[in-house]
Amino acid sequence: MTQLNPFSSVTASALANAGQQFGTPLYLYDEALIAQRCKNLLSMPNPYGLTVRYAMKANSNRSILAAIRQQGVLMDASSMNEARRANLAGIPFQDIMLTTQEVPQKEERADLEQMILAGMKYNVCSLRQLELIADFAAANSIPLSMRVHPGVGAGESASRNTGDNYSCFGVHLADIDQALALAAQKNLTFYKVHVHIGSGGDPEAWRSNIDRQLGILEQYFPQADTVSFGGGLKEARMPSETAADIQDLGSYAKQKLEEFARRTGRTLKMEIEPGTYIVANAGYIITQVIDKKRTGPSGLNFLIVDGGMEVNTRPLLYGSQHPLYAVSSGGSLLSSSFAPAQLSTGYSAAVVGRCCESGDSQTIDENGLNCARPIGEPEIGDYIVIGGAGAYCSSMSPFNYNSHVQAPEVLLEASGHMRIIRRRQTLAQVIENEL
Ligand SMILES: *Cc1c(COP(=O)(O)O)cnc(C)c1O
(Lines give C-alpha, C1' and ligand atoms only; values in the text may rest on other atoms or scores of the structure.)
Protein backbone atom coordinates (compact mmCIF):
# COMPACT_ATOMS: atom_id res chain seq x y z
CA MET A 1 0.00 0.00 0.00
CA THR A 2 1.64 3.25 -1.09
CA GLN A 3 -1.02 5.66 -2.30
CA LEU A 4 -2.82 7.71 0.34
CA ASN A 5 -6.01 8.30 -1.60
CA PRO A 6 -7.32 8.35 -5.17
CA PHE A 7 -7.10 12.11 -5.73
CA SER A 8 -3.62 13.20 -4.73
CA SER A 9 -0.04 12.24 -5.46
CA VAL A 10 1.21 13.21 -1.99
CA THR A 11 3.09 10.23 -0.53
CA ALA A 12 3.44 8.93 3.01
CA SER A 13 7.17 9.54 2.85
CA ALA A 14 6.59 13.20 1.89
CA LEU A 15 4.31 13.55 4.93
CA ALA A 16 6.89 11.99 7.25
CA ASN A 17 9.63 14.17 5.75
CA ALA A 18 7.54 17.27 6.37
CA GLY A 19 6.91 16.16 9.96
CA GLN A 20 10.65 15.66 10.49
CA GLN A 21 11.69 18.88 8.82
CA PHE A 22 9.11 21.30 10.22
CA GLY A 23 7.91 19.59 13.41
CA THR A 24 4.37 18.65 14.36
CA PRO A 25 1.55 19.53 14.35
CA LEU A 26 1.74 20.96 10.87
CA TYR A 27 -0.56 21.80 7.97
CA LEU A 28 0.63 20.67 4.55
CA TYR A 29 -1.09 21.75 1.32
CA ASP A 30 -0.87 20.06 -2.05
CA GLU A 31 -0.52 22.88 -4.59
CA ALA A 32 -1.03 20.58 -7.59
CA LEU A 33 -4.44 19.52 -6.32
CA ILE A 34 -5.47 23.13 -5.64
CA ALA A 35 -4.51 24.00 -9.23
CA GLN A 36 -6.41 21.02 -10.58
CA ARG A 37 -9.56 21.93 -8.63
CA CYS A 38 -9.36 25.52 -9.94
CA LYS A 39 -9.03 24.27 -13.53
CA ASN A 40 -11.98 21.95 -13.05
CA LEU A 41 -14.16 24.81 -11.80
CA LEU A 42 -13.03 27.19 -14.54
CA SER A 43 -14.12 24.61 -17.11
CA MET A 44 -17.64 24.42 -15.67
CA PRO A 45 -20.10 24.66 -18.57
CA ASN A 46 -21.65 28.12 -18.95
CA PRO A 47 -23.23 29.94 -21.87
CA TYR A 48 -22.24 33.61 -21.50
CA GLY A 49 -19.12 33.73 -19.34
CA LEU A 50 -18.04 32.40 -15.95
CA THR A 51 -16.24 33.99 -13.01
CA VAL A 52 -15.02 31.73 -10.24
CA ARG A 53 -14.43 33.42 -6.89
CA TYR A 54 -12.67 31.65 -4.06
CA ALA A 55 -14.45 32.08 -0.69
CA MET A 56 -11.23 32.92 1.10
CA LYS A 57 -12.50 32.25 4.62
CA ALA A 58 -11.93 28.55 3.86
CA ASN A 59 -8.17 29.15 4.00
CA SER A 60 -6.75 32.66 3.97
CA ASN A 61 -2.99 32.13 3.91
CA ARG A 62 -1.47 34.60 1.46
CA SER A 63 0.46 31.91 -0.42
CA ILE A 64 -2.74 29.88 -0.88
CA LEU A 65 -4.57 33.00 -2.09
CA ALA A 66 -1.75 33.75 -4.54
CA ALA A 67 -1.68 30.16 -5.83
CA ILE A 68 -5.44 30.29 -6.43
CA ARG A 69 -5.41 33.75 -8.03
CA GLN A 70 -2.64 32.57 -10.34
CA GLN A 71 -5.04 29.98 -11.74
CA GLY A 72 -7.47 32.71 -12.84
CA VAL A 73 -9.80 32.56 -9.85
CA LEU A 74 -10.97 35.80 -8.17
CA MET A 75 -11.83 36.31 -4.48
CA ASP A 76 -14.83 36.61 -2.21
CA ALA A 77 -14.06 38.12 1.21
CA SER A 78 -16.35 37.73 4.20
CA SER A 79 -14.94 40.64 6.19
CA MET A 80 -13.10 43.89 5.71
CA ASN A 81 -9.98 42.25 7.09
CA GLU A 82 -10.23 39.41 4.62
CA ALA A 83 -10.45 41.92 1.77
CA ARG A 84 -7.41 43.74 3.15
CA ARG A 85 -5.60 40.46 3.57
CA ALA A 86 -6.24 39.46 -0.03
CA ASN A 87 -5.03 42.86 -1.14
CA LEU A 88 -1.89 42.53 1.02
CA ALA A 89 -1.32 39.18 -0.69
CA GLY A 90 -1.03 41.08 -3.98
CA ILE A 91 -4.59 40.76 -5.22
CA PRO A 92 -6.02 44.02 -6.57
CA PHE A 93 -9.33 45.26 -5.16
CA GLN A 94 -10.97 44.84 -8.60
CA ASP A 95 -10.60 41.09 -8.14
CA ILE A 96 -12.31 41.03 -4.73
CA MET A 97 -15.98 41.03 -3.78
CA LEU A 98 -16.99 41.76 -0.19
CA THR A 99 -19.92 39.69 1.14
CA THR A 100 -20.15 40.46 4.84
CA GLN A 101 -22.35 40.67 7.89
CA GLU A 102 -20.24 43.64 9.04
CA VAL A 103 -21.60 47.17 8.95
CA PRO A 104 -18.45 49.30 8.65
CA GLN A 105 -18.54 52.56 10.62
CA LYS A 106 -16.13 55.48 11.11
CA GLU A 107 -12.60 54.60 9.95
CA GLU A 108 -13.82 51.25 8.71
CA ARG A 109 -16.42 53.04 6.64
CA ALA A 110 -13.83 55.39 5.16
CA ASP A 111 -11.70 52.37 4.26
CA LEU A 112 -14.67 50.62 2.70
CA GLU A 113 -15.23 53.62 0.43
CA GLN A 114 -11.57 53.64 -0.60
CA MET A 115 -11.68 49.94 -1.37
CA ILE A 116 -14.86 50.33 -3.43
CA LEU A 117 -13.36 53.27 -5.32
CA ALA A 118 -10.34 51.04 -5.99
CA GLY A 119 -12.67 48.57 -7.67
CA MET A 120 -13.83 46.19 -4.95
CA LYS A 121 -17.34 44.81 -5.56
CA TYR A 122 -19.77 45.31 -2.70
CA ASN A 123 -22.40 42.65 -2.19
CA VAL A 124 -25.17 44.27 -0.14
CA CYS A 125 -26.34 41.79 2.50
CA SER A 126 -28.96 43.74 4.50
CA LEU A 127 -31.35 46.68 4.28
CA ARG A 128 -29.15 48.59 6.70
CA GLN A 129 -26.04 48.03 4.60
CA LEU A 130 -27.99 49.29 1.59
CA GLU A 131 -29.27 52.38 3.39
CA LEU A 132 -25.74 53.22 4.53
CA ILE A 133 -24.05 52.74 1.15
CA ALA A 134 -26.81 54.18 -1.08
CA ASP A 135 -25.74 57.83 -1.28
CA PHE A 136 -22.09 56.98 -1.74
CA ALA A 137 -22.84 54.43 -4.46
CA ALA A 138 -25.20 56.83 -6.23
CA ALA A 139 -22.75 59.74 -6.07
CA ASN A 140 -19.96 57.62 -7.52
CA SER A 141 -22.08 55.62 -10.00
CA ILE A 142 -21.10 52.34 -8.35
CA PRO A 143 -23.22 49.39 -9.41
CA LEU A 144 -23.98 47.06 -6.52
CA SER A 145 -24.55 43.38 -6.03
CA MET A 146 -27.28 42.09 -3.72
CA ARG A 147 -27.17 38.93 -1.68
CA VAL A 148 -30.74 37.68 -1.58
CA HIS A 149 -32.02 35.49 1.23
CA PRO A 150 -34.21 33.02 -0.64
CA GLY A 151 -35.85 31.45 2.42
CA VAL A 152 -34.65 28.00 1.34
CA GLY A 153 -31.18 26.56 1.92
CA ALA A 154 -29.14 23.41 2.33
CA GLY A 155 -26.01 22.39 4.19
CA GLU A 156 -24.10 19.45 5.54
CA SER A 157 -25.57 20.32 8.96
CA ALA A 158 -28.09 22.85 10.25
CA SER A 159 -25.20 25.14 11.21
CA ARG A 160 -24.06 25.23 7.59
CA ASN A 161 -27.42 26.02 6.02
CA THR A 162 -27.31 29.72 5.14
CA GLY A 163 -30.51 30.01 3.15
CA ASP A 164 -33.38 29.02 5.40
CA ASN A 165 -35.28 31.20 7.85
CA TYR A 166 -33.10 30.07 10.76
CA SER A 167 -30.10 31.95 9.39
CA CYS A 168 -29.92 35.62 8.47
CA PHE A 169 -27.63 36.04 5.46
CA GLY A 170 -28.71 38.44 2.76
CA VAL A 171 -31.74 40.63 2.13
CA HIS A 172 -34.77 38.44 2.74
CA LEU A 173 -37.24 38.10 -0.10
CA ALA A 174 -39.82 39.71 2.19
CA ASP A 175 -37.68 42.90 2.24
CA ILE A 176 -36.83 43.04 -1.45
CA ASP A 177 -39.57 45.49 -2.38
CA GLN A 178 -38.40 47.89 0.29
CA ALA A 179 -34.77 47.53 -0.83
CA LEU A 180 -35.66 48.11 -4.47
CA ALA A 181 -37.80 51.12 -3.63
CA LEU A 182 -34.85 52.72 -1.86
CA ALA A 183 -32.55 51.86 -4.77
CA ALA A 184 -34.99 53.39 -7.27
CA GLN A 185 -35.28 56.55 -5.22
CA LYS A 186 -31.48 56.90 -5.21
CA ASN A 187 -31.13 55.89 -8.84
CA LEU A 188 -29.04 52.86 -7.88
CA THR A 189 -28.74 49.70 -9.93
CA PHE A 190 -27.94 46.11 -9.05
CA TYR A 191 -25.76 44.46 -11.66
CA LYS A 192 -25.52 41.16 -9.79
CA VAL A 193 -27.86 38.91 -7.83
CA HIS A 194 -26.15 36.59 -5.39
CA VAL A 195 -27.46 33.63 -3.39
CA HIS A 196 -25.39 31.27 -1.23
CA ILE A 197 -27.60 28.58 0.24
CA GLY A 198 -25.05 26.86 2.47
CA SER A 199 -22.06 24.55 2.60
CA GLY A 200 -21.80 21.02 1.36
CA GLY A 201 -25.50 20.28 0.97
CA ASP A 202 -27.04 17.92 -1.53
CA PRO A 203 -26.07 18.97 -5.09
CA GLU A 204 -29.78 18.60 -5.90
CA ALA A 205 -30.47 21.58 -3.61
CA TRP A 206 -27.77 23.58 -5.43
CA ARG A 207 -29.46 22.71 -8.70
CA SER A 208 -32.93 23.68 -7.59
CA ASN A 209 -31.56 26.98 -6.29
CA ILE A 210 -30.63 27.83 -9.89
CA ASP A 211 -34.30 27.78 -10.91
CA ARG A 212 -35.43 29.70 -7.85
CA GLN A 213 -32.72 32.31 -8.21
CA LEU A 214 -33.35 32.94 -11.91
CA GLY A 215 -37.02 33.43 -11.01
CA ILE A 216 -36.05 36.04 -8.39
CA LEU A 217 -33.72 37.77 -10.81
CA GLU A 218 -36.39 37.92 -13.51
CA GLN A 219 -39.05 39.23 -11.17
CA TYR A 220 -37.04 41.87 -9.30
CA PHE A 221 -33.78 42.76 -11.06
CA PRO A 222 -34.36 43.99 -14.62
CA GLN A 223 -30.88 45.54 -14.85
CA ALA A 224 -28.79 42.63 -13.53
CA ASP A 225 -26.41 41.07 -16.03
CA THR A 226 -24.70 38.64 -13.62
CA VAL A 227 -25.97 35.85 -11.42
CA SER A 228 -23.85 34.34 -8.65
CA PHE A 229 -24.97 30.91 -7.55
CA GLY A 230 -22.67 31.08 -4.49
CA GLY A 231 -20.47 28.34 -3.12
CA GLY A 232 -21.23 25.25 -1.10
CA LEU A 233 -20.25 22.75 -3.79
CA LYS A 234 -20.05 19.42 -2.05
CA GLU A 235 -16.59 17.90 -1.68
CA ALA A 236 -16.03 14.27 -0.71
CA ARG A 237 -13.59 14.11 2.17
CA MET A 238 -14.41 10.54 3.21
CA PRO A 239 -14.50 7.57 0.83
CA SER A 240 -18.23 7.16 1.56
CA GLU A 241 -19.01 10.68 0.33
CA THR A 242 -19.71 11.82 -3.22
CA ALA A 243 -18.50 15.17 -4.49
CA ALA A 244 -20.69 17.48 -6.53
CA ASP A 245 -20.37 16.82 -10.24
CA ILE A 246 -19.17 20.19 -11.57
CA GLN A 247 -19.74 19.32 -15.24
CA ASP A 248 -23.25 18.15 -14.49
CA LEU A 249 -24.18 21.22 -12.40
CA GLY A 250 -22.66 23.45 -15.10
CA SER A 251 -24.64 21.74 -17.85
CA TYR A 252 -27.80 22.31 -15.87
CA ALA A 253 -26.98 25.96 -15.23
CA LYS A 254 -26.10 26.44 -18.89
CA GLN A 255 -29.39 25.00 -20.05
CA LYS A 256 -31.34 27.18 -17.59
CA LEU A 257 -29.43 30.34 -18.55
CA GLU A 258 -30.05 29.63 -22.23
CA GLU A 259 -33.77 29.13 -21.62
CA PHE A 260 -33.75 32.36 -19.63
CA ALA A 261 -32.11 34.17 -22.56
CA ARG A 262 -34.62 32.80 -25.06
CA ARG A 263 -37.52 33.88 -22.88
CA THR A 264 -36.27 37.31 -21.79
CA GLY A 265 -33.59 38.30 -24.30
CA ARG A 266 -31.10 38.67 -21.42
CA THR A 267 -27.78 36.84 -21.47
CA LEU A 268 -26.51 36.51 -17.90
CA LYS A 269 -22.91 36.01 -16.87
CA MET A 270 -22.51 33.33 -14.25
CA GLU A 271 -20.46 33.29 -11.07
CA ILE A 272 -19.71 30.61 -8.52
CA GLU A 273 -17.98 31.01 -5.16
CA PRO A 274 -16.57 27.80 -3.79
CA GLY A 275 -14.23 27.54 -0.83
CA THR A 276 -14.30 23.92 0.32
CA TYR A 277 -14.19 22.47 -3.18
CA ILE A 278 -10.92 24.22 -4.01
CA VAL A 279 -8.88 23.51 -0.90
CA ALA A 280 -10.47 20.85 1.35
CA ASN A 281 -8.80 17.74 -0.01
CA ALA A 282 -5.50 19.53 -0.65
CA GLY A 283 -4.85 19.84 3.10
CA TYR A 284 -3.23 17.39 5.51
CA ILE A 285 -2.57 17.87 9.22
CA ILE A 286 0.49 15.95 10.31
CA THR A 287 0.41 15.01 13.98
CA GLN A 288 2.64 12.73 16.00
CA VAL A 289 1.50 10.01 18.41
CA ILE A 290 2.65 11.05 21.90
CA ASP A 291 0.79 8.54 24.06
CA LYS A 292 -1.48 5.50 23.93
CA LYS A 293 -4.15 4.55 26.46
CA ARG A 294 -7.10 2.24 26.88
CA THR A 295 -10.24 2.78 28.95
CA GLY A 296 -10.51 -0.69 30.42
CA PRO A 297 -11.54 -4.00 28.90
CA SER A 298 -14.92 -2.70 27.71
CA GLY A 299 -13.53 0.70 26.67
CA LEU A 300 -11.68 2.11 23.69
CA ASN A 301 -8.12 2.37 22.53
CA PHE A 302 -6.93 5.96 22.42
CA LEU A 303 -4.14 7.45 20.38
CA ILE A 304 -3.11 10.78 21.85
CA VAL A 305 -1.61 12.98 19.17
CA ASP A 306 -0.02 16.42 19.38
CA GLY A 307 -2.74 18.22 17.39
CA GLY A 308 -6.47 18.03 18.07
CA MET A 309 -9.37 20.46 18.23
CA GLU A 310 -6.95 23.39 18.10
CA VAL A 311 -5.81 22.37 14.60
CA ASN A 312 -9.10 20.86 13.38
CA THR A 313 -12.23 21.72 15.29
CA ARG A 314 -14.65 20.46 12.61
CA PRO A 315 -15.33 17.08 14.27
CA LEU A 316 -16.30 18.81 17.51
CA LEU A 317 -18.15 21.64 15.81
CA TYR A 318 -20.05 19.71 13.15
CA GLY A 319 -19.50 16.01 13.82
CA SER A 320 -17.39 15.98 10.64
CA GLN A 321 -15.46 12.91 9.64
CA HIS A 322 -11.99 13.23 8.17
CA PRO A 323 -9.90 10.51 6.58
CA LEU A 324 -7.01 9.32 8.73
CA TYR A 325 -3.65 8.00 7.61
CA ALA A 326 -1.20 6.20 9.89
CA VAL A 327 2.38 6.74 8.75
CA SER A 328 5.45 5.25 10.39
CA SER A 329 8.20 7.58 11.52
CA GLY A 330 10.25 6.16 8.64
CA GLY A 331 7.61 7.20 6.09
CA SER A 332 5.72 4.02 5.26
CA LEU A 333 1.96 4.03 5.08
CA LEU A 334 0.47 1.82 7.82
CA SER A 335 -3.15 2.50 6.92
CA SER A 336 -5.42 4.77 4.93
CA SER A 337 -9.16 5.37 5.36
CA PHE A 338 -9.31 4.82 1.60
CA ALA A 339 -8.04 1.23 1.82
CA PRO A 340 -10.01 -0.38 4.67
CA ALA A 341 -9.68 -3.85 3.15
CA GLN A 342 -5.97 -3.83 3.91
CA LEU A 343 -6.58 -3.39 7.63
CA SER A 344 -6.51 -7.00 8.73
CA THR A 345 -5.16 -6.39 12.23
CA GLY A 346 -8.53 -5.47 13.72
CA TYR A 347 -6.99 -2.62 15.69
CA SER A 348 -9.15 0.45 16.10
CA ALA A 349 -8.71 3.60 18.14
CA ALA A 350 -10.09 7.00 18.93
CA VAL A 351 -7.68 9.76 17.86
CA VAL A 352 -7.63 12.55 20.42
CA GLY A 353 -5.61 15.70 21.00
CA ARG A 354 -3.94 17.18 24.05
CA CYS A 355 -6.61 19.63 25.21
CA CYS A 356 -8.45 19.16 28.50
CA GLU A 357 -11.72 18.63 26.71
CA SER A 358 -13.30 15.26 26.11
CA GLY A 359 -14.53 16.51 22.74
CA ASP A 360 -10.94 17.18 21.64
CA SER A 361 -11.12 14.35 19.13
CA GLN A 362 -10.87 13.61 15.44
CA THR A 363 -13.18 10.61 15.81
CA ILE A 364 -16.58 11.70 17.11
CA ASP A 365 -19.75 9.80 16.31
CA GLU A 366 -23.20 11.20 15.55
CA ASN A 367 -24.00 11.25 19.31
CA GLY A 368 -20.99 13.41 20.06
CA LEU A 369 -19.04 10.57 21.68
CA ASN A 370 -15.53 9.43 20.99
CA CYS A 371 -15.53 6.36 18.83
CA ALA A 372 -12.82 4.02 17.66
CA ARG A 373 -11.99 3.87 13.98
CA PRO A 374 -10.00 1.11 12.26
CA ILE A 375 -6.42 2.28 11.85
CA GLY A 376 -3.01 0.67 11.44
CA GLU A 377 -1.61 0.54 14.97
CA PRO A 378 1.16 3.11 15.23
CA GLU A 379 4.05 3.27 17.67
CA ILE A 380 4.65 6.33 19.75
CA GLY A 381 6.55 8.71 17.47
CA ASP A 382 4.70 7.60 14.34
CA TYR A 383 2.41 10.01 12.54
CA ILE A 384 -1.35 10.25 12.35
CA VAL A 385 -2.28 12.42 9.39
CA ILE A 386 -5.72 14.01 9.13
CA GLY A 387 -6.90 14.39 5.54
CA GLY A 388 -9.50 16.69 4.02
CA ALA A 389 -7.99 19.44 6.15
CA GLY A 390 -7.42 22.28 3.68
CA ALA A 391 -10.70 24.13 4.33
CA TYR A 392 -11.99 25.56 7.62
CA CYS A 393 -9.24 23.91 9.67
CA SER A 394 -6.36 26.36 9.90
CA SER A 395 -8.66 29.33 9.26
CA MET A 396 -11.33 28.36 11.79
CA SER A 397 -9.71 26.60 14.70
CA PRO A 398 -9.37 27.89 18.28
CA PHE A 399 -5.62 27.54 18.04
CA ASN A 400 -4.56 29.09 21.34
CA TYR A 401 -6.83 26.97 23.50
CA ASN A 402 -4.82 25.35 26.33
CA SER A 403 -2.14 27.86 25.28
CA HIS A 404 -1.04 25.76 22.37
CA VAL A 405 0.63 27.77 19.64
CA GLN A 406 -0.77 28.15 16.14
CA ALA A 407 0.68 25.43 13.92
CA PRO A 408 2.81 26.22 10.88
CA GLU A 409 1.72 25.78 7.28
CA VAL A 410 3.75 24.30 4.44
CA LEU A 411 3.01 24.33 0.74
CA LEU A 412 4.03 21.24 -1.17
CA GLU A 413 4.73 22.80 -4.56
CA ALA A 414 3.96 21.02 -7.80
CA SER A 415 7.73 20.46 -8.23
CA GLY A 416 7.81 18.49 -4.96
CA HIS A 417 9.61 21.28 -3.11
CA MET A 418 8.21 22.04 0.36
CA ARG A 419 7.96 25.72 1.24
CA ILE A 420 7.01 27.04 4.66
CA ILE A 421 4.20 29.58 4.21
CA ARG A 422 3.48 30.33 7.88
CA ARG A 423 5.88 29.92 10.77
CA ARG A 424 4.94 28.26 14.01
CA GLN A 425 3.62 30.78 16.52
CA THR A 426 5.70 31.36 19.65
CA LEU A 427 4.47 31.55 23.24
CA ALA A 428 5.69 35.18 23.28
CA GLN A 429 3.29 35.90 20.39
CA VAL A 430 0.45 34.24 22.22
CA ILE A 431 0.74 36.66 25.14
CA GLU A 432 2.19 39.72 23.43
CA ASN A 433 -0.95 41.86 23.67
CA GLU A 434 -1.67 41.06 27.31
CA LEU A 435 -1.05 43.78 29.91
C1 LIG B 1 -18.53 30.34 3.11
C2 LIG B 1 -19.08 30.95 1.86
C3 LIG B 1 -18.86 30.35 0.62
C4 LIG B 1 -18.10 29.06 0.47
O5 LIG B 1 -18.73 27.95 0.98
P6 LIG B 1 -18.07 26.51 0.71
O7 LIG B 1 -19.02 25.57 1.32
O8 LIG B 1 -16.75 26.51 1.40
O9 LIG B 1 -17.92 26.34 -0.75
C10 LIG B 1 -19.33 30.99 -0.49
N11 LIG B 1 -20.00 32.15 -0.41
C12 LIG B 1 -20.25 32.75 0.76
C13 LIG B 1 -20.97 34.03 0.79
C14 LIG B 1 -19.80 32.17 1.93
O15 LIG B 1 -20.05 32.77 3.11
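The figures here come from the full heavy-atom set of this structure, side chains too, leaving out hydrogens, waters and symmetry mates. Both counts, for ligands and for their atoms, begin at 1 and track the order of listing. All figures in this text were calculated on a predicted structure; none of them were measured in a lab.
Using a 4.0 Å cutoff on heavy atoms, Phe169 does not count as a contact of ligand 1. The closest approach between a heavy atom of Arg147 and any atom of ligand 1 is below 4.0 Å. For Pro274, the closest heavy-atom approach to ligand 1 falls below 4.0 Å.
The single protein non-hydrogen atom nearest to atom 4 (C) of ligand 1 is Ala55 CB, 3.4 Å, given as residue, atom name and distance. In terms of protein heavy-atom proximity, atom 7 (O) of ligand 1 is closest to Ser199 OG, 2.5 Å. Given atom 2 (C) of ligand 1, the protein heavy atom at minimum distance is Lys57 NZ, 2.3 Å.
Any N or O atom pair closer than 3.5 Å counts here, and Gly232 shares at least one such pair with ligand 1. Backbone and side-chain nitrogen or oxygen atoms of Thr99 are examined, and none is located within less than 3.5 angstrom of a nitrogen or oxygen of ligand 1. In terms of N/O distances under 3.5 Å, ligand 1 is not approached by Asp76. Inclusion of Glu273 in the set of residues having an N or O under 3.5 Å from an N or O of ligand 1 is warranted.
By the 4.0 Å N-to-carboxylate-O rule, Glu204 lies close enough to Arg207 to be salt-bridged with it. Ion pairing between Lys256 and Asp211 holds under the 4.0 Å rule for side-chain N and carboxylate O.
No donor-acceptor contact under 3.5 angstrom links the side chains of Glu113 and Asn140, judged on distance only. Between the side chains of Tyr29 and Asn59, a donor-acceptor pair is found at a separation under 3.5 Å. Side chain to side chain, Arg84 and Asn81 meet the donor-acceptor criterion of an N or O pair below 3.5 Å.
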Arg266/Glu218 under salt bridge (Lys or Arg N to Asp or Glu O under 4.0 Å): CA gap, chis, key distance, verdict: CA-CA 10 Å; Arg266 299 167 65 188; Glu218 185 173 0; over 6 Å; no
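Within ligand 1, counting atoms from 1 as listed, the ones closer than 4.0 Å to a heavy atom of Gly275 are 4 (C), 6 (P), 8 (O), 9 (O). Distances below 4.0 Å separate heavy atoms of Tyr392 from the following atoms of ligand 1: 1 (C), 4 (C), 5 (O), 6 (P), 8 (O).
Surrounding CZ of Arg314 are more than 12 heavy atoms belonging to other residues, nucleotides or ligands, all under 6.0 Å away.
Under 4.0 angstrom from ligand 1, there are no non-hydrogen atoms of Ala58.
Paired with Glu409 under the rule salt bridge (Lys or Arg N to Asp or Glu O under 4.0 Å), one option of Arg62, Arg422, Arg423 passes, and it is Arg422.
Using the six-membered ring where Trp is involved, Phe338 and Phe7 have ring planes that are perpendicular, over 60° apart on the 30 and 60° scheme.
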